[in-house]
Amino acid sequence: MATEAFELVPFEPSEQTAKLSIKGKASRKRGVLSIQYRLAGDLSRVVIPTMGKGGRRQDKLWEKTCFECFLSSGSAEYWECNFSPSGDWNVFALTGYRQGLKEEAAFSRLPIEAWRGFEGLQLQVKLPLTDLVEADQPLRLGVSAVVVLKPGEETFWAIAHPAAEADFHHPDSFAIAL
């Protein structure tokens, strides 16, 4: 099993983002990618979707606080995955850099666990990979999040910000090898 810890950094650090942190770990075992996120700090300033009320495939989750990952198997094609604390989710297949976006048909449901506790807001997802890539095929993973602060300011968090603008799709932001 391959496991990598990560820490996300804001694209534009500010006084508000300095009061937050996002850490987690990603692991791949037997054709399943598991990702755990923990948003900690002053959560009173964060707009968090109603937790546990979702569980459906939804579009435009990135317009609210959500956690994301991007997967590449080395070709131009890649996948974008969005996970909301509400339990709503989506997985998109792309044919190239920001091209050919369509919902990935391999998924009809995706169980997400989210809870708020002493350590902050936590979210865990298990993404079956068997319909996307071969079991031994190397993957590059980009981990990111959109955190909406009150009164509606979007902040963009990622392992790496290789472009002049926040761009989770940038190939150089796929910083984890699994």
Side-chain angles (χ1 to χ4, degrees), residues 1-4 6 8 22 24-37 39 48-114 121-148 154 156-163 165-178:
M1 175 170 68
T3 301
E4 290 287 333
F6 60 82
L8 306 184
I22 303 175
K25 65 181 178 177
S27 61
R28 182 179 181 186
K29 182 179 180 183
R30 294 190 185 114
V32 175
L33 174 64
S34 298
I35 307 176
Q36 298 171 339
Y37 302 84
L39 171 60
I48 300 172
T50 303
M51 295 177 62
K53 297 294 183 184
R56 297 176 309 275
R57 175 173 246 158
Q58 295 288 319
D59 197 12
K60 299 184 180 182
L61 292 174
W62 57 82
E63 292 179 349
K64 299 178 181 173
T65 297
C66 84
F67 300 94
E68 302 186 358
C69 76
F70 292 76
L71 303 167
S72 171
S73 61
S75 68
E77 300 173 345
Y78 65 100
W79 295 271
E80 174 183 349
C81 308
N82 307 138
F83 317 116
S84 172
S86 70
D88 291 333
W89 61 275
N90 213 334
V91 178
F92 299 98
L94 292 98
T95 57
Y97 177 73
R98 294 186 174 271
Q99 296 177 351
L101 179 78
K102 65 177 182 175
E103 287 186 351
E104 174 57 63
F107 300 98
S108 60
R109 68 181 212 80
L110 193 58
I112 296 171
E113 295 180 44
L121 170 63
Q122 297 188 58
L123 184 139
Q124 179 173 323
V125 63
K126 294 185 182 214
L127 185 69
L129 299 173
T130 52
D131 290 335
L132 302 180
V133 296
E134 298 294 323
D136 60 347
Q137 189 172 10
L139 282 179
R140 300 294 301 175
L141 176 67
V143 182
S144 52
V146 175
V147 177
V148 179
E154 290 180 319
F156 304 97
W157 299 68
I159 293 172
H161 295 285
E165 296 180 8
D167 184 0
F168 301 154
H169 293 259
H170 194 288
D172 291 343
S173 68
F174 294 36
I176 296 175
L178 291 176

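Note that the coordinates shown come from a computational prediction; the quantities given were computed from them, not determined experimentally.
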| Stepwise side-chain contact (heavy atoms from CB on, under 4.5 Å) test for Leu110 and Val125 | CA-CA 8 Å; Leu110 193 58; Val125 63; 4.0 Å; yes
What I'd like to find out is whether the side chain of [X] reaches to under 4.5 Å of the side chain of [Y], using heavy atoms alone.
X	Y	answer
Met51	Leu121	yes
Pro85	Tyr37	no
Ile35	Phe6	yes
Val147	Ile22	yes

Distance-only criterion, 3.5 Å: show the donor-acceptor pairs between side-chain atoms of residues 170-178 and protein atoms not counting sequence neighbours.
residue	atom	partner	partner atom	Å
His170	ND1	Asp172	N	3.0
Ser173	OG	Phe168	O	3.1
Ser173	OG	His170	O	2.7

| field | Sequence-distant partners of Glu104, salt bridge (Lys or Arg N to Asp or Glu O under 4.0 Å), two or more places apart | value | none
What salt bridge (charged side-chain N to carboxylate O under 4.0 Å, His left out) pairs are there with at least one residue in [range], not counting sequence neighbours?
range	result
residues 121-148	none
residues 70-86	none
residues 90-100	Arg98-Asp167

| Between Leu129 and Leu33, which heavy-atom pair has the shortest distance, and what is it? | CD1-CB, 3.9 Å
| said: Ignoring hydrogens, what is the shortest heavy-atom contact between Ser27 and Thr3? Give both atom names and the distance. | reply: CB-OG1, 3.3 Å
| Which is it for Val133 and Leu71 under the side-chain contact (heavy atoms from CB on, under 4.5 Å) test, yes or no, and what are the steps along the way? | CA-CA 10 Å; Val133 296; Leu71 303 167; over 6 Å; no
According to side chain to side chain donor-acceptor pair (under 3.5 Å), who are the partners of [X], at least two apart in sequence or on a separate chain?
X	result
Gln58	none
Gln124	Gln36
Ser84	Ser86
Trp157	Thr155

Just to verify, what does [X] make a ring pair (Phe, Tyr, Trp, His ring centres under 6.0 Å) with, not counting sequence neighbours?
X	answer
Phe83	none
Phe156	none
His161	Phe11

[X] [atom1] to [Y] [atom2] distance, which is reported to the nearest 0.5 Å:
X	Y	atom1	atom2	result
Arg57	Asn90	CZ	CG	4.5 Å
Asp88	Asp59	CG	CG	11.5 Å
Leu139	Ser72	CG	OG	8.0 Å
Asn82	Phe67	CG	CZ	12.0 Å

| message | Tell me whether Glu165 at atom CD has more than 12 heavy atoms from other residues, nucleotides or ligands lying less than 6.0 Å away. | response | no
| Parallel under 30°, tilted from 30 to 60°, perpendicular over 60°: which one fits the rings of Phe70 and His169? | perpendicular
| field | Verdict with supporting geometry, Val146 and Thr65, side-chain contact (heavy atoms from CB on, under 4.5 Å) | value | CA-CA 5 Å; Val146 175; Thr65 297; over 6 Å; no
